[in-house]
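Here is the structure we will look at, set down as structure tokens.
Just so it is clear, the structure is predicted and the values come from calculations on it, not from any experiment.
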Amino acid sequence: MDRRQRVVVGLLWVGVAALMSVTLDLRALPSLSALASLFVVLVALFLAVVYLFDPWGVLERQPFH
């Protein structure tokens, strides 16, 4: 995966996290649905960091390429 594709995918994950954070209701945080939404935001941000910065070199190894 080249740098341009990684940036596009990373920005898409940032967009997903932004859209999910807009719908997140922090007043209802103890509820299960709010915790699930918060988990989705955190996973989307994690994936954005992996695609944008590739801190562990996971995307450069390409084991199935």
Side-chain angles (χ1 to χ4, degrees):
M1 182 175 270
D2 66 346
R3 179 75 177 155
R4 183 178 175 191
Q5 290 173 335
R6 287 178 30 206
V7 168
V8 169
V9 172
L11 290 176
L12 285 172
W13 280 116
V14 169
V16 168
L19 284 174
M20 286 300 296
S21 66
V22 169
T23 63
L24 188 62
D25 186 14
L26 293 177
R27 293 174 298 184
L29 197 57
S31 71
L32 188 59
S33 64
L35 290 175
S37 296
L38 182 62
F39 177 74
V40 169
V41 169
L42 292 176
V43 168
L45 288 176
F46 172 75
L47 288 173
V49 167
V50 168
Y51 276 101
L52 289 174
F53 301 113
D54 195 17
W56 302 286
V58 175
L59 300 174
E60 293 299 323
R61 285 187 237 152
Q62 298 180 356
F64 302 110
H65 193 271

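Both Val58 and Phe46 belong to a single network of hydrophobic side chains, linked directly or stepwise wherever heavy atoms of I, L, V, M, F, W or Y lie under 4.5 Å apart. Leu52 and Leu45 fall into different hydrophobic clusters, defined by Ile, Leu, Val, Met, Phe, Trp and Tyr side-chain heavy atoms under 4.5 Å apart, directly or through other members. Residue Leu47 is not grouped with residue Phe53 when hydrophobic side chains (ILVMFWY) are merged at heavy-atom distances under 4.5 angstrom, including chains of intermediate members.
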Result block: side-chain N/O donor-acceptor pairs under 3.5 angstrom for residues 4-14, not counting sequence neighbours:
residue : atom : partner : partner atom : Å
Gln5    : OE1  : Asp2    : N            : 3.4
Arg6    : NE   : Tyr51   : O            : 3.3
Arg6    : NH1  : Glu60   : OE2          : 2.7

Tabulate below the donor-acceptor pairs under 3.5 Å that side-chain atoms of residues 28-39 make, not counting sequence neighbours, or state none.
residue : atom : partner : partner atom : Å
Ser31   : OG   : Ala28   : O            : 2.7
Ser31   : OG   : Ala34   : N            : 3.3
Ser37   : OG   : Ser33   : O            : 3.1

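Every pair tested for salt bridge (Lys or Arg N to Asp or Glu O under 4.0 Å) that includes a residue from residues 7-23 fails, sequence neighbours excluded, so the list is empty.
Taking the side-chain hydrogen bond (donor to acceptor under 3.5 Å, both in side chains) definition, one finds that Arg27 meets it with Asp25, sequence neighbours left out.
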